[in-house]
Protein chains: 2
Amino acid sequence: MPLSREKIAATAIRLADAHGLDGLSLRKIAKELGVGPMRLYDYVTNRSELLDLMVDVVYARIADVGQHSEWRSTVLTIAQATREAALEHEWFADLLGGRPHLGPHALAVGEANAAALSEAPGVRGIDDLQRALGALNAFIIGAVRREVTERRTARSTGTDEAAFQASRGPYLTRMLKTGRYPTIARLVIDGAHLNAEETFNHNLALVLDGITSRPRA
Amino acid sequence: MPLSREKIAATAIRLADAHGLDGLSLRKIAKELGVGPMRLYDYVTNRSELLDLMVDVVYARIADVGQHSEWRSTVLTIAQATREAALEHEWFADLLGGRPHLGPHALAVGEANAAALSEAPGVRGIDDLQRALGALNAFIIGAVRREVTERRTARSTGTDEAAFQASRGPYLTRMLKTGRYPTIARLVIDGAHLNAEETFNHNLALVLDGITSRPRA
DNA sequence: GTCTTCGTGGATACACCGTACGGTAGTGAC
DNA sequence: GTCACTACCGTACGGTGTATCCACGAAGAC
């Protein structure tokens, strides 16, 4: 079976899922495919172009959720699909917002979002649309990024509370004991572990409500 | 003059400002300081610990803006200072949200934000606070990241419109000509170049209004 | 059949990276 | 003087992305 961009992207995604973005190298991909490293350069000019390729494959799955008749449910569905994609492919969160996403499927997602938002009440002109899209994307990027790194540190320290206190604890508890960070201490100690998905949806609704209800600046 | 963590962090920041995070290496820092590469490991255990160090130096400058009597102006000032810091040190945006920021100054900024938000109307319990802080940080991270990568691509293609059309244009205009992305095309072609700072402040206010006005979930 | 051409696949090489390791020189204790 | 110990640093290893060069095999000309 001959090599192809699709096949390269697929195994790159598999490797990145397993070992993270740092553990991904052209040589390992080539070895996995049973070819020499330079063989990949016939299909991809750069490492970063390969990353763009991987990103767009993920966007393809996000775009699959399609658009609904209601603008709000379209936006919600796309945002949730983006979050789920990032949880499935954590390296995607590392790349999110880091370079312009101009692949065809990324553009399709952007188009669906933009078209939906343009029908939202309160979005009157093209300037409103640009701002609203910016707010939405900023929130999605930041929220997904935060959640993924939170999950990573939780996993690396161990899920249970005791292990966390033992690993990151020494430094952090010492810091909190100084009394200089009372509110943070309260959050760390008393804060319940909120459901991440619920929090995401709650704050996403907050942003959407702000977009629709905000008077023109 | 003896070596120190501060001195190492300072030259690392200088180099990162000049050549980006990818252009930053322990060897170059060491060479700049006139020492062997291994010398740095007496002060820093890791490359990533060095990055944490750099990040916290930037947070120190953000924390300097201090807290105001009004919770809202505190949050606004910190957010704007974060944005400005990221525009001055673009690598900071690359690291934002990518790892937990636990340095003393980062904690101070988090504390100031959390304390301010806890006084906001609509933030009733610790759960509300956690969510509100999450929404605020998510927006800041995403917005800053977006703006920095936008600025980077604008700079790499050349500031003026013509150069952009010439470099990224061939692919992008071809894509837009397909008619599959009408809303995006409208944004690219008709969209005015909104003032970035104004947009940031506008959307930040949107998020803060949402935090204060949203009924409990 | 023989020779030439050509394009594709792969090996090798280079510059650079983070970091482990081993030695060495200098200082203080007895 | 001798020894122990510490602070420092040069060298080396395994890895990375990528440029260059080469070998080989298939296709066509005569």
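Chain letters run A, B, ... following the sequence lines, proteins first, then strands; residues in each count from 1.
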Q: Mark yes or no for whether Glu111(B), through its side chain, and Ile184(A), through its backbone, hold a donor-acceptor pair below 3.5 Å.
A: yes
Q: Check the distance between dG10(C)'s P and Leu33(A)'s CG and give it to me in whole angstrom.
A: 11 Å
Q: Check for a donor-acceptor pair, side chain of Arg131(B) on one end and backbone N or O of Thr199(A) on the other, with a separation under 3.5 Å.
A: no
Q: Calculate, to the nearest 0.5 Å, the distance between atoms CG and CH2 belonging to Leu208(B) and Trp71(B) respectively.
A: 5.0 Å
**Q.** Asp22(A) atom CG: more than 12 heavy-atom contacts under 6.0 Å
**A.** no
Q.
Given 3.5 Å as the limit, does a donor-acceptor pair link the side chain of Thr149(B) with the main chain of Gly98(A), or not?
A. no
**Q.** Residues from residues 14-26 of chain A lying under 4.0 Å of DNA chain C - heavy atoms
**A.** none
Q: Among Leu96(A), Leu24(A), Val58(A), find the residue that satisfies the side-chain contact (heavy atoms from CB on, under 4.5 Å) test when tested with Trp91(A).
A: Val58(A)
Q) Can you check whether Lys28(B) has a side-chain N or O nearer than 4.0 Å to OP1 or OP2 of dC16(C)? A) no
Q: Output, in order, the C-alpha distance, side-chain angles, deciding distance and verdict of side chain to side chain contact (heavy atoms under 4.5 Å, CB included) for Leu187(A) and Leu133(B).
A: CA-CA 10 Å; Leu187(A) 277 173; Leu133(B) 196 58; 3.8 Å; yes
Q: Rounding to 10 degrees, work out the angle separating the end axes of the helix from dG1(C)-dC30(D) to dC30(C)-dG1(D) (five pairs an end).
A: 30°
Q. Going from CG on Leu95(A) to CG on Asp52(A), what distance comes out if it is rounded to the nearest 0.5 angstrom?
A. 7.5 Å
Q.
Consider salt bridge (Lys or Arg N to Asp or Glu O under 4.0 Å). Of Arg83(A), Arg152(A), Arg145(A), which one does Glu90(A) pass it with?
A. Arg152(A)
Q) Hey, does the side-chain of Arg27(A) have a donor or acceptor N/O within less than 3.5 Å of a partner on the base of dG15(D)? A) no
(Q) Please give me the minimum heavy-atom distance between Ala115(B) and Ser118(B), naming the atom from each residue. (A) O-OG, 2.7 Å
Q: Check DNA chain D against residues 34-55 of chain A and give the residues with a non-hydrogen atom under 4.0 Å, in numerical order.
A: Met38(A), Tyr41(A), Asn46(A), Arg47(A)
